[in-house]
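One structure is given here, and the rest of the page talks about it.
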Amino acid sequence: MGYPYKDIERKWQEYWESKKTFRTPEADTSKEKFYVLDMFPYPSGAGLHVGHPEGYTATDIIARYKRMLGVNVLHPMGWDAYGLPAEQYAIETGTHPRITTENNIKRFRDQLKALGFSYDWDRQVDTTDPDYYKWTQWIFLQLYKKGLAYIAEVPVNWCPALGTVLANEEVIDGVSERGGHPVYRRPMKQWMLKITAYADRLLTALDDLDWPESTKEMQRNWIGRSEGAEVDFPLPNSDDKIRVFTTRPDTLFGATYMVLAPEHSLVESITSDAKRAEVEAYIKAAARKSDLERTELQKTKTGVFTGGYAINPVNGEQIPVWIADYVLATYGTGAIMAVPGHDERDYEFAKKFDLPIQEVIAGGDISEAAYVSKDGILVNSANDNFSINGLKATEAISKIIDWLEAEGIGQRQINYKLRDWLFSRQRYWGEPFPILHGEDGEILPVDEAELPLSLPEMEDYKPTPIDDDEKDPQPPLSRGQDSWKYVTINGKKYTREFNTMPQWAGSCWYYLRYVDPHNDDQIFDPAAEKYWMNVDLYVGGAEHSVLHLLYARFWHKVLYDIGIVSTDEPFKKLIHQGMILGEMEFTLYSDANGNPVSLETVEKASDYTARKLSESDVEKKGDGFVWKENPAIRVDGKAHKMSKSRGNVINPDDIVESYGADSLRLYEMFMGPLEQQKSWSMKGVDGVNRFLNRAWRLMADEYSGKLLDQVDDSAATPEQLRQLHLTIKKVTEDIENMRFNTAIAQMMVFVNEANKWTQRPRSVMEKFILLLSPFAPHLCEELWQMLGNENTLAYEGWPVFDEKYLVEDSKEVVIQINGKVRYKLQLPADLSREDTEKQAMAADRVQELIAGKNVIKVIVVPNKLVNIVAR
RNA sequence: GCCAGAGUGGUGGAAUUGGCAGACACGCCGGACUCAAAAUCCGGUUCGGGUGAUACCGAGUGUGGGUUCGAGUCCCACCUCUGGUACCA
């Protein structure tokens, strides 16, 4: 039933492919360009998910629209193909990850082609292709040469289950982002990238980006700039000092004790003999905790006294030094001055261990809780030659820093939460580092001419299980063939680096390779880069708000500094498509005896049995839903994330099969605003499919596909032109603003109107087809051809809106009395303010409504409304 | 806790300079076509009054206040939800 979408879609996909309709035009500086980019997918074995076509359809509409405006469009697609699943599959089955990856890529590409996206497939990139990762390795060498890549023995996030270390950004709530395995801290020798050198630039450049505010804010928080001071606390009987970082040096007089991170280098020397056993036990226990345990146990503070003291430099008091794991070794100096009166964490710690609490800011009550404020006045903050008493915090901060600097015991300091990027992984399926290690510890970069450095062939891809805490685990590449592992240069023996790069490496710069993807001699032709960059529109999921988008910006800035790219930032405008949830589900809970219970009583769903209800079993009541059989019982109504275990996954292939690609595209755009989270509805797919059928039947016979007699060369009526131009205006504006749902709504209005016409002028219908074509390209190409056009419509001029067709002789003017609509009047268009008021007041109905009242005021908005204020 | 965003019919959502709340679609109800069903077409559909049917009246955009001739839209306070983040000194 319905229009023959299957034949049409196959036909046009073959046409576009064989004619290379969407080949990217050559860089031509005399022509405007538009670079519209999707976040390239990881080609997983599960195939395409309905979330993918959401963003891809949006960018495809923009790309097709821009082409019709005569703009040169770059609209590419590729594969972020390194990653754990292919490797894990290889470990289980022995299939080489390259094979798995190739198969998955083929499947993904077929699925994307079946959706009619206008990608230039000749420009596809694949991060696992040696022709591509050659240049990923090349960029790494540039980073190394700039001193931005270094090896360091650092505390890392070690994930035993994955057999690899992870970047801070890949650890969420103490478990790995992929797989949710526990993560432990341990020191290891690893490659690091000095992203911290770019912290300030990464932060300030955010202000000028046309990005979602939430994403910019997340990056700001992640970079975490804070201004303050470093202050030295001398130790008695020693030349050592404990240096702390604080954002509140104004509270220095309130520092009554100090805390070091358990890993701090001074812990050993400061600890008294009497406390040594206790301190060592605490350090060991802290090291053993996973980040997850550390996070979970954060409610209660732990720590031990070292037996040592330090001297508060502003008042000479000896204060005790503790160690506690609430102080992080990786932030600031790994040590803090504790001001329990004015910091919640220090307050809690001081209460628990009965440490003194000193008030230095008046205005709060520190007998119950810390008073954390910058509004109070400083008290108890003076020594023999210095005082900040009576000042507000902001003034006191700068005054005391000046004093500290003059005395040589402290200075202004800016700190960032951002850490250097841990860049090596103990995995097989990743880019090998182009680095050689001499036996004497020499680090020798591989000559650029020898790139790409390919992965060695191996049979066993398993990560090495950690055998003891002392030795660093050896990555899989250490088990490669000797011919790969060992290199002799000028008689000197070298061993290759056995770590591989993280998955983020390839995605840090793929958007640059698209401008010139087959260049063997250089990373890309600078002229092509200059023409196509920046990316004008970048669409992808919000889950990449920090990781990918921060790393890519970092690499881009480095490439800019060494003159490889011409812009400081890669992505001018960024949009996140909202997640698509499964269909709305209603759940009724029953207790152990099988009696249905109301939602309020269900605390842990596991104690109750859940039963799915259909929409017809429930009824809306108040904020929620109740069970129709017993309206006293509230049921849970919610849309959930699509997941295999929940069984609510929608496969795009099935939708294409039973409704066609155009319906899927249109539905995903019609669901609601692109950025918003939405839940799937099969009924909604029916709706847009019905619309496409109606559009088809305006022009073509449903079954034979022949052009209808009503479509002819007759002259368009003013009403037809009005409807058409209304639609041109609305659709054009909505595409520009990426409001696809309302653009589609307007086209539905047009189809409903046109359905009533007995004659449908070809000139009008052609324009409508062009408007619809970015959304439903297959259907429109077919109709376009049926109307007698020979070529693809992909490069036809976009219909131009003309105001003159919308001019009306008369306008409906709303008459309000005291702000309420009471009457409507048809008045000549562009009537003056005075005449509008005169006509409105003259109307019989208006006189009737204001009879017996005093007219106090009349507000007139010409062509629109008259509000009569009467008492 | 903190940061960001959002609360509109039975449902998804419209209403971007304050000016007819509910476009468009789903669902539902009624009708046409049909032996029947599907598909399709036509009409109705915020809620509550009111009417034979219109007309008409009242209420209504999370809650409470405010500004205004006029508030979904602006201001203040609060509630709920979604996403992010969490000992960052």
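Order of the sequence lines sets the chain letters (A, B, ...), proteins ahead of strands, with each chain counted from 1.
- A salt bridge links A:Lys729 with A:Glu733: the closest approach of a Lys/Arg side-chain nitrogen to an acidic carboxylate oxygen falls below 4.0 angstrom.
- The gap from the C1' atom of B:C57 to that of B:A39 amounts to 43 Å, rounded to the nearest Å.
- Of the C1' atoms belonging to B:G22 and B:U46, the separation is 7 Å, rounded to the nearest Å.
- Anti is the classification of B:G12, since its glycosidic angle lies more than 90° from 0.
- On the P atoms, B:A86 is 40 Å away from B:G72, given to the nearest whole Å.
- The side chain of A:Tyr326 approaches B:C87 more closely than any other nucleotide in the set B:A25, B:G13, B:C87.
- Heavy atoms of A:Arg822 sit under 4.0 angstrom from primed sugar atoms or phosphate atoms, though from no base atom.
- For B:C24, the base has no donor-acceptor partner in the side chain of A:Gln746 [N/O atoms by modelled type, under 3.5 angstrom].
- One P atom belongs to B:G5, the other to B:C76, and the distance between them is 14 Å to the nearest Å.
- A side-chain donor from one of A:Thr196 and A:Asp420 sits under 3.5 Å from a side-chain acceptor of the other.
- Between A:Phe353 and A:Tyr257, a ring centre-to-centre spacing not shorter than 6.0 Å is recorded.
- Here A:Pro673 lies in heavy-atom contact (under 4.0 Å) with sugar-phosphate atoms only.
- Counting non-hydrogen atoms under 4.0 angstrom, A:Glu217 reaches the backbone sugars and phosphates but no base.
- Among the heavy atoms of the strands, none lies under 4.0 Å from A:Ser681.
- Under the Watson-Crick or G-U wobble criterion, with both distances below 3.5 Å, B:A89 is left unpaired in every strand shown.
- No side-chain donor-acceptor contact under 3.5 Å links A:Arg694 to the backbone of A:Val751.
- Comparing the C1' positions of B:U67 and B:G18 gives a spacing of 12 Å, expressed to the nearest Å.
- Note on A:Ser226: only backbone sugar-phosphate atoms sit closer than 4.0 angstrom, heavy atoms only; bases stay farther off.
- The residue A:Asn867 sits close to a base: some heavy atom pair falls under 4.0 Å.
- If you check every strand for non-hydrogen atoms under 4.0 Å, A:Arg694 touches sugar and phosphate atoms only.
- The nucleotide B:C81 finds its pairing partner in B:G5, both defining distances of the Watson-Crick or G-U wobble pair being shorter than 3.5 Å.
- With both ends at atom P, the span from B:A23 to B:U16 equals 15 Å, rounded to whole Å.
- Counting only distance, with no hydrogens or angles, the side chain of A:Arg665 and the backbone of A:Phe775 share a donor-acceptor pair below 3.5 Å.
- Relative ring orientation between A:Phe768 and A:Phe750 is described as parallel, the plane-to-plane angle staying below 30° on a 0-90° scale split at 30° and 60°.
- For B:A59 and B:A21, the C1' atoms lie 13 Å apart once the distance is rounded to whole Å.
- Here the nucleotide nearest the side chain of A:Asn741, chosen from B:G13, B:C26, B:C42, is B:G13.
- The base-pairing partner of B:G48, taking Watson-Crick or G-U wobble contacts with both distances under 3.5 Å, is B:C57.
- Within the nucleic acid shown, A:Gly332 has no heavy atom closer than 4.0 Å to any nucleic acid atom.
- At a threshold of 4.0 angstrom between heavy atoms, the contacts of A:Phe691 with the nucleic acid are absent.
- The only member of A:Leu355, A:Ile366, A:Asp346 that meets side-chain contact (heavy atoms from CB on, under 4.5 Å) when paired with A:Pro340 is A:Asp346.
- Pairing partner, B:A32: B:U40, with both Watson-Crick or wobble hydrogen-bond distances short of 3.5 Å.
- Distance alone, capped at 3.5 Å, is enough to place a donor-acceptor pair between the A:Lys352 side chain and the A:Lys301 backbone.
- Under 4.0 Å is where a charged nitrogen must lie from a carboxylate oxygen, and between A:Glu348 and A:Lys351 no such pair does.
- Judged by Watson-Crick or G-U wobble contacts below 3.5 Å, the nucleotide B:C24 has B:G12 as its partner.
- Residue A:Asn752 is classed as a sugar-phosphate contact, given heavy-atom separations below 4.0 Å to backbone atoms only.
- Straight-line distance between the P atoms of B:A71 and B:G19: roughly 11 Å, to the nearest whole Å.
- Here A:Val814 lies in heavy-atom contact (under 4.0 Å) with a base.
- Atom CD in A:Gln413 sits roughly 13 Å away from atom P in B:A89 (whole-Å rounding).
- Residue-to-nucleotide contacts include a donor-acceptor pair under 3.5 Å from the side chain of A:Lys824 to the base of B:C20.
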Sugar-phosphate means primed atoms, P, OP1 and OP2; the rest is base. With that split, encode nucleotides 46-51 of chain B 5' to 3' as B, S or - using protein heavy atoms under 4.0 Å. ------
